Novice: 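I have a structure here, written as structure tokens, and I will follow up with some questions on it.
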Amino acid sequence: MKSNKLIFAVTALVLATIACNLLNRAPSAEEGQTTAPNQVGTDTGGQPENPDPTQATSETQTSSSESGSGQNSLVPGEPFDFSNPNFEFKPELFNTYKASLNYAFSAANGVTGSLLMEGATQIEPFETSQKFTTFGQAVMGTEESMIFAQFDGTEYLYSPDFGCVSGDAGLQGNPFDVALDTYGGFTGQAAFSGEEFVNGVDTYVYTITSENIDNSSETGFGISEVKEGRINLARDGAYVVRMVLIGTGVNEGLSQDADLEGDLYYELNFYDFDVPVTFEIPEGCTGANAGDFSVPLPEDVFNVSQFGEILNFSTALSLSDAADFFERELPARGCSEPEVIGDGSSMISMYYENCEFGAVQIILTTESGETVGTVFINP
């Protein structure tokens, strides 16, 4: 990972943990009753923003069918082959959709942890807003919440605990999409088990068993045995509408214990297809922390991100030219002569005081032909 993305990456550590630990670790079934929380998105549980079936209009369904024409291999009564290249959620069928994910762990010794993810996405132009909430031992060991949003060329990550991180869109990608990219872990065929109308869509239901879990896949769940598993695929378009997996196993991301076994519950839902959605800058990301940089930057900067008073950027300027830029520009902001560390060959650090915005330290390094800068402001 590039050093100019370090601050953004550190503050997004929880999301990285979600993507890497939660989805690549696995439930494996053993004896005992599965303890699951209220099921998000099920017909009996409390689905967030429960979709209105009337919103799945005939126009939308017709569009979906036409988009999937020639690709839909679903035949009632026949199994579904997970090697089918159409096994994915194909957002190109719709311009907007909502999604929810509930992933929970419960052990006999009382250790519990869960992750809830809820949000909406627009494909063209691409915009997304996702809320992540953890409970129990999950990730940080306490209840945490974060909001990720991307629109108008900027990404935002906000938490009441660490504040706001903003940066150029594309630095980290959409963490919700990353967390839902689990389909490579399935193999074989899933038996047809009926029809069901869920999330405003007519679907075929298929049973997922332990034989469908590819433990060798790095993108899979690593599940050795499944107590209960099912997936709902749209009759028109064959896209994923719901997936549920229940079993037992080890999940360090949810329990904070690499050896503790417990019950695992996983439910994913897509819904409100082609229903208009709106996106806003997360609360706490408006104002100066959303990109109003007090320190001047070279005109060609890219990969810009900001976490409070810490700013990261890249520039095509050479190390010496970037240093010369700040030496020219900062005196106009009232800054004193800098204290300089480094010979300028691969790293240079400049510390300025008495600036109109306070004191500032600028560290410049070279990486892959680029100059990478980190700016620390002390108001």
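Both backbone and side-chain heavy atoms feed into the values below; hydrogens, waters and symmetry mates do not. Residue numbers run from 1 in the order of the sequence given. Predicted model, so just to flag it, every value in this text is computed and none were measured.
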Novice: Enter the distance from L233:CG to M243:CE here, rounded to the nearest 0.5 Å.
Specialist: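 L233 CG to M243 CE: 10.0 Å, rounded to 0.5 Å.
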Novice: Let's go through L264 and L254 carefully: what are the C-alpha distance in whole Å and the side-chain angles of both, what is the deciding distance for side-chain contact (heavy atoms from CB on, under 4.5 Å) to 0.1 Å, and is it a yes or a no?
Specialist: CA-CA 9 Å; L264 281 167; L254 293 175; 3.8 Å; yes
Novice: With a 4.0 Å cut-off on N to O distance, would you call K98 and E118 a salt bridge?
Specialist: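 Between E118 and K98 there is no salt bridge, as every charged N stays at least 4.0 Å from the carboxylate O atoms.
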Novice: So that I know where these two stand, are F80 and F82 an aromatic pair - ring centroids less than 6.0 Å apart?
Specialist: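 Yes, the ring of F80 comes within the 6.0 Å limit of the ring of F82, centre to centre.
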Novice: Between S193 (side chain) and V205 (backbone), is there a donor-acceptor pair under 3.5 Å?
Specialist: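 Side chain of S193 to backbone of V205, a donor-acceptor pair under 3.5 Å: yes, one is there.
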Novice: Is there a chain of hydrophobic side chains (I, L, V, M, F, W, Y, each step under 4.5 Å between heavy atoms) that links V340 to L317?
Specialist: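 No, it is not one cluster - the side chains of V340 and L317 are not joined through contacts under 4.5 Å.
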Novice: Quick one: which of F135, Y103, F132 gives a side chain to side chain contact (heavy atoms under 4.5 Å, CB included) with L116?
Specialist: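 Only match with L116 under side chain to side chain contact (heavy atoms under 4.5 Å, CB included): F135.
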Novice: Just to verify, what does E78 make a salt bridge (charged side-chain N to carboxylate O under 4.0 Å, His left out) with, not counting sequence neighbours?
Specialist: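 Scan of E78 (salt bridge (charged side-chain N to carboxylate O under 4.0 Å, His left out), adjacent residues dropped) gives none.
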Novice: Which heavy-atom pair separates L74 from A234 by the least distance, and what is that distance?
Specialist: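 In this case the closest contact between L74 and A234 is CD1-O, 3.1 Å.
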Novice: Can you check whether L330 reaches I362 side chain to side chain, under 4.5 Å on heavy atoms?
Specialist: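 The answer is yes; the side chains approach within 4.5 Å.
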Novice: What's the verdict on side-chain contact (heavy atoms from CB on, under 4.5 Å) for F197 and T203, showing C-alpha distance, side-chain angles and the deciding distance?
Specialist: CA-CA 6 Å; F197 185 76; T203 72; over 6 Å; no
Novice: Do N199 and R242 touch side chain to side chain, with heavy atoms closer than 4.5 Å?
Specialist: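 The answer is yes; the side chains approach within 4.5 Å.
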Novice: Hey, does L245 have a side-chain heavy atom less than 4.5 Å from the side chain of R230?
Specialist: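 The answer is no; the side chains never approach within 4.5 Å.
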Novice: Find the distance between CG (D236) and CG (L93) and round it off to the nearest 0.5 Å.
Specialist: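 Result: 10.0 Å between the selected atoms.
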Novice: To the nearest 0.5 Å, what is the distance between CG (L319) and CG (L364)?
Specialist: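 Rounded to the nearest 0.5 Å, the CG-CG separation comes out at 5.5 Å.
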Novice: Considering non-hydrogen atoms only, spot the tightest contact between A107 and L260 and give its length.
Specialist: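 Closest approach of A107 to L260, heavy atoms only: CB-CD2, 3.7 Å.
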Novice: Tell me the closest heavy-atom pair linking S314 and V372, and the distance in Å.
Specialist: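 So the minimum-distance heavy-atom pair works out to OG-CG2, 4.1 Å.
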Novice: Under 3.5 Å, is there a donor on one side chain and an acceptor on the other for T154 and D152?
Specialist: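 Looking only at side-chain atoms, D152 and T154 do not form any donor-acceptor pair under 3.5 Å.
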Novice: If two hydrophobic side chains count as joined below 4.5 Å and joins carry through other members, does V241 share a cluster with Y204?
Specialist: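 In one cluster: yes.
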Novice: So, N212 side chain and T187 main chain: donor-acceptor pair closer than 3.5 Å or not?
Specialist: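 Checked: pair present.
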Novice: CG of N251 to CG of L115: how many Å apart, nearest 0.5 Å?
Specialist: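 Between atom CG of N251 and atom CG of L115 there are 9.5 Å.
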Novice: Count the heavy atoms of every other residue, nucleotide or ligand shown that sit under 6.0 Å from CD of E356, and state whether that count exceeds 12.
Specialist: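 Buried by this count: over 12 neighbours within 6.0 Å.
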Novice: For the residue pair F94 and F273, is the inter-centroid distance of their aromatic rings smaller than 6.0 Å?
Specialist: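 Yes, the ring of F94 comes within the 6.0 Å limit of the ring of F273, centre to centre.
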Novice: Starting at CD of E327, measure out to OG of S320 and round the result to the nearest 0.5 Å.
Specialist: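 So the CD of E327 and the OG of S320 are separated by 10.0 Å.
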Novice: Verify the cluster assignment for I208 and F192: are they in a single hydrophobic cluster under the rule of side-chain heavy atoms below 4.5 Å apart?
Specialist: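 Cluster IDs for I208 and F192 match.
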Novice: Angle class for the F151/Y156 ring planes (parallel below 30°, perpendicular above 60°, tilted otherwise)?
Specialist: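 The rings of F151 and Y156 sit tilted, inter-plane angle from 30° to 60°.
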Novice: Do you know which of F376, Y352, F326 makes side chain to side chain contact (heavy atoms under 4.5 Å, CB included) with V360?
Specialist: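 Of the listed residues F376, Y352, F326, the side chain to side chain contact (heavy atoms under 4.5 Å, CB included) partner of V360 is Y352.
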Novice: Crowded around E195 CD? As in, over 12 foreign heavy atoms under 6.0 Å?
Specialist: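 Count over threshold, so yes.
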Novice: Are side-chain N/O atoms of T121 and Q130 paired as donor and acceptor at under 3.5 Å?
Specialist: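 Yes, a side-chain donor-acceptor pair sits under 3.5 Å.
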Novice: Run the side chain to side chain contact (heavy atoms under 4.5 Å, CB included) test against N354 and tell me which residues pass, sequence neighbours left out.
Specialist: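 S336.
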Novice: Where do Q122 and N95 land on the side-chain contact (heavy atoms from CB on, under 4.5 Å) test, with the steps shown first?
Specialist: CA-CA 6 Å; Q122 175 177 281; N95 196 46; 3.9 Å; yes
Novice: Apply side chain to side chain contact (heavy atoms under 4.5 Å, CB included) to S349 and list each qualifying residue two or more places apart in sequence or on a separate chain.
Specialist: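 For S349 the side chain to side chain contact (heavy atoms under 4.5 Å, CB included) partners, ignoring immediate neighbours, are I341, M347, Q361, I363.
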Novice: Can you confirm whether F357 sits close enough to V295 that some side-chain heavy atom of one is under 4.5 Å from a side-chain heavy atom of the other?
Specialist: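 The answer is yes; the side chains approach within 4.5 Å.
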Novice: Testing the basics here: between S255 and V111, what is the closest heavy-atom pair and its distance to 0.1 Å?
Specialist: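 Heavy atoms of S255 and V111 come nearest at O-CG1, 3.9 Å.
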Novice: Mind checking whether N232 and E196 have side chains closer than 4.5 Å, heavy atoms only?
Specialist: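 Contact flag for N232/E196 side chains = yes.
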Novice: Are I377 and L311 grouped together when hydrophobic residues (ILVMFWY) are joined by side-chain heavy atoms under 4.5 angstrom apart?
Specialist: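 Both belong to a single hydrophobic cluster.
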Novice: With a cut-off of 6.0 Å (strictly less than), are more than 12 heavy atoms of other residues, nucleotides or ligands near CD of E329?
Specialist: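 Check passes, neighbour count above 12.
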Novice: For the residue pair T374 and N312, confirm or rule out a side-chain donor-acceptor distance under 3.5 Å.
Specialist: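 A pair is found: one side chain offers a donor N or O, the other an acceptor, under 3.5 Å apart.
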Novice: Would you say the side chain of F325 lies within less than 4.5 Å of the side chain of P296, judging by non-hydrogen atoms?
Specialist: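 The answer is yes, as the side chains (C-beta and beyond) meet within the 4.5 Å cut-off.
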Novice: Drop me the distance from I147's CD1 to S159's OG, to the nearest 0.5 angstrom.
Specialist: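 Nearest 0.5 Å value for the CD1-OG distance: 9.5 Å.
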